[in-house]
Amino acid sequence: MKTIFMLGLVLPCIALAQQPSKVTPQQFVNLQEGDIVHKGFRRAHAKGICISGEFLSNGSLTKYTHAKVFEKGSTPFIGRFSIAGSNPSAPDLKAPVRSMALSFATSATQQWRVAMNTPPVMAVSDPHTFYQQIIAIKAGPEAIQKFFKDHPESQDFLNWKSSYQPSGSFAAETYNSINAFYLINEQDEKQAVRWHMRPTLTATPEGLKGEDALQQELQQRLAKEDIVFDWVYTLATEADNENDPARAWPNSRQQITAGQLVIRDWQFQLKGECHSINYDPLVLPEGIEPTADPILRARSGAYAESYRRRAREVLNGALEANSNE
Amino acid sequence: MNNRFSLSMRIFHWAMAALLISLLSAGLLMVQSLEPWQITILGLHKSFGVLAAILVIIRLLNRFRNMVPDLPSDLSALQKAIARLSHVLLYGFMLAMPISGYLMQYAAGRPVEVFSLFRLPASLSVDIQTYSIFRELHGWLALFLMALICLHAVAALHHHFVRKDNVLKSML
C-alpha cells in the first residue's frame with residue numbers, strides 16, 4: 001500500500017519536472033512525414049515489401065540467452081525489406097539506406113521485433129541530435145556537410161559511408177542492429193551484443209532499371225530460390241560502450257553465428273501481414289533486454305506515434321483504393 | 001446509520017486516487033517523450049494498469065459488501081441522480097481504461113509484462129484496425145476520466161466549503 005501512495009506522489013512530480021524544450025515524438029514524426037503525408041503508410045521507410053520464412057537456430061547462443069528463438073530449431077517470421085524515406089512510391093535505387101525488419105511470434109507471451117539498416121552505426125548518439133541531422137539532410141548537401149563537421153562523433157558513420165557500395169539486391173546487403181542489446185542467460189548474466197545479417201550472395205546493380213528495381217529483383221530471385229543470411233552476433237567487451245550507437249566496435253571482437261535466416265516468400269506490402277506490424281525494436285522476448293542507448297530508447301515513442309497515425313488513417317479507409325489494385 | 005465510509009472503502013478510494021492520477025500523468029508524459037526513461041515509465045504504466053484493474057474489481061466487490069452513507073437529505077432528486085451517475089461513470093471508466101489499454105496491446109501483438117513477474121498474452125497476428133480502435137478509445141477515455149475526476153473533486157470541495165455538509169468528511 002505504501003508503494004502505491006509513494007508512486008502516487010512521485011510520478012506526478014516527475015511529470016511536472018519535465019522540460020518541454022526537448023524534441024517530442026510528435027515533432028519527430030512531423031519532420032519525418034514532411035509536407036506531403038502519405039496516408040496509411042509508415043512515416044519512415046514507407047516503401048517496402050513483405051517477406052516470410054524461418055530462422056534456423058543452431059543453438060550456439062543458448063549459453064548467453066534463454067530466449068526461446070535461440071534454442072536449436074526453427075522459428076517462422078514475418079518480415080519486411082524497405083528503403084529509407086517517407087514516400088511509398090519512391091525509386092528503389094535512389095534511397096541511401098536499405099532495411100530489413102523481422103517479427104517473431106514465438107508464443108502469445110514471447111514476441112520479438114527486429115529492425116535493421118545497412119549502416120552499422122548511427123552518425124549521432126542521441127535522439128535530439130538525430131533530429132538536427134534529419135533537418136540538415138532535408139536542407140541539402142551543404143547543410144549536412146556542415147552538420148558532420150560540427151559533430152565529430154559521426155566519424156565512424158562517415159568511414160562506413162565512404163566505403164559502402166549499394167548492391168543490386170535486397171538479398172546481397174548486410175543489415176545491422178546498430179543499437180546494442182543485452183543477452184540474458186538462465187544465470188541472469190548480461191552480455192552486450194550487436195548483430196548483423198550477413199548475406200550469402202553478391203549482386204551488382206548493373207542492369208537494374210525502374211522505380212521498383214529492388215522489389216522486382218527480389219520477386220524474380222524468390223521465384224527461383226530461397227534467400228539465406230547468416231545471423232551474426234558480435235560480443236562487446238569491457239572496452240566497448242554499448243550505450244553509444246555512433247561508435248563502431250573493433251573487428252577483433254568475438255563473433256558468433258546464431259543460425260541462418262531463410263526467406264522463402266514475398267507479398268506486396270499492402271497485401272501482406274507486414275504492413276500491420278509496428279517493427280518497434282523494443283518489443284523483446286524474455287532473454288533480451290535494451291541497453292541505455294538513448295537512440296534505442298527513443299525508438300519506442302517515435303514508432304508508436306507513427307503507428308498511431310497510420311493506424312487511424314487505415315481505420316478511416318485511407319488504403320482502400322490502393323489495396324484494390 | 002454510520003455517516004462515514006468504512007475504513008476499507010476509504011483506503012481503496014485514496015489508494016486508487018493516487019494510482020489513477022499517477023497512471024494518467026505517466027500516460028500523458030510517455031506519449032510525448034523520447035527520453036531514455038520513456039520505456040521504463042511505459043513498463044510501469046502497464047504493470048500498474050494491470051494492478052489497477054485487479055484493484056477496481058476487488059473494490060467493487062467490497063463496495064457491495066459495505067453500507068454506503070446516504071447523500072445529504074436536502075439535495076434535490078436531480079442532484080442525487082447526478083451524484084450517483086458520476087459514481088457509476090467513475091467505476092465504468094476505471095474498468096474501461098485497463099481493458100482498452102490491454103486490448104490495444106493485444107491487437108498490436110505486444111505482450112504486456114507485469115512487474116517482471118509474468119506476461120499477458122498478445123495476438124499472434126497483428127490487426128492494425130483493432131489496434132487503432134482501442135488506441136483511440138484509450139486516449140479519449142483518459143481525457144474524459146481526467147475531466148470526471150476534476151468534477152468529482154470540485155463537487156467534494158463544494159459540499160465541504162459551500163454547502164458545509166458531511167460528504168467530504170465521510171471519505172476522510
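Being a predicted model, the structure only gives us computed values, none of them experimental. Convention: sequence-line order gives letters A, B, ...; per-chain numbering from 1.
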query: Taking C-beta and beyond as the side chain, do Leu34(B) and Arg299(A) meet within less than 4.5 Å on heavy atoms?
result: no
- prompt: Just by modelled atom types, is the Ser123(B) backbone N or O under 3.5 Å from a matching donor or acceptor in the Gln111(A) side chain?
  reply: yes
message: At a 4.5 Å cut-off on heavy atoms, which part of Pro127(A) comes close to chain B: side chain, backbone, both, or neither?
response: side chain
Side-chain touch Glu113(B)/Thr109(A), heavy atoms, less than 4.5 angstrom: no
message: Does any part of the side chain of Asp127(B), heavy atoms only, come nearer than 4.5 Å to the side chain of Ser276(A), both counted from C-beta?
response: no
field: Non-hydrogen atoms of Pro111(B) and Ala108(A) that approach each other most closely
entry: CG-O, 3.6 Å
- line: Turns out that what part of Glu286(A) lies under 4.5 Å from chain B's heavy atoms comes down to both
- request: With side chain to side chain contact (heavy atoms under 4.5 Å, CB included) as the test, would you mind laying out the steps for Ser300(A) and Leu42(B) before giving the verdict?
  value: CA-CA 10 Å; Ser300(A) 221; Leu42(B) 181 67; 4.3 Å; yes
field: CG on Leu315(A) to CZ on Arg135(B), rounded to 0.5 Å
entry: 13.5 Å
message: Below 4.5 Å, heavy-atom pairs only: which of Asp280(A), Thr106(A), Asn316(A) has the largest tally toward chain B?
response: Asp280(A)
task: Check whether any side-chain heavy atom of Ile128(B) sits under 4.5 Å from a side-chain heavy atom of Tyr307(A), and report yes or no.
output: yes
task: Taking the side chain as every heavy atom from C-beta outward, state whether Arg119(B) and Gln110(A) have any pair of such atoms under 4.5 Å apart.
output: yes
Which portion of Ser107(A) sits near chain B, non-hydrogen atoms under 4.5 angstrom: backbone
- prompt: Can Glu136(B) and Arg308(A) be counted as an ion pair, charged N to O under 4.0 angstrom?
  reply: yes
- request: Tell me, out of Arg110(B), Gln38(B), Met30(B), who's got the most heavy-atom pairs with chain A below 4.5 Å.
  value: Arg110(B)
query: Got a sec: does the CZ of Phe115(B) have more than 12 other heavy atoms crowding it under 6.0 Å?
result: yes
Under 3.5 Å donor-acceptor, Gln26(A) side chain and Val31(B) backbone: yes
Heavy-atom pair count under 4.5 Å with chain B, highest-scoring of Arg113(A), Arg310(A), Glu313(A), Glu305(A): Arg113(A)
query: Side chain, backbone, both or neither: which part of Asp126(A) has a non-hydrogen atom closer than 4.5 Å to chain B?
result: neither
statement: Applying a strict 4.5 Å limit to non-hydrogen atoms, the region of Leu120(B) in contact with chain A is backbone
message: Is it the case that atom CZ in Phe93(B) sees more than 12 heavy atoms from other parts of the structure closer than 6.0 Å?
response: yes
statement: So, the part of Gln32(B) with a heavy atom under 4.5 Å from chain A: the answer is both
field: Validation row: Pro290(A), Ile39(B) side chains within 4.5 angstrom (heavy atoms)
entry: yes
query: So with a 6.0 Å cut-off around NZ of Lys138(A), is the heavy-atom count from everything else above 12?
result: yes
task: Determine, step by step, whether Gln129(B) and Arg312(A) satisfy the side chain to side chain contact (heavy atoms under 4.5 Å, CB included) criterion, reporting the C-alpha distance in whole Å, the side-chain angles of both residues, the deciding distance to 0.1 Å, and the verdict.
output: CA-CA 8 Å; Gln129(B) 302 205 25; Arg312(A) 193 163 43 198; over 6 Å; no
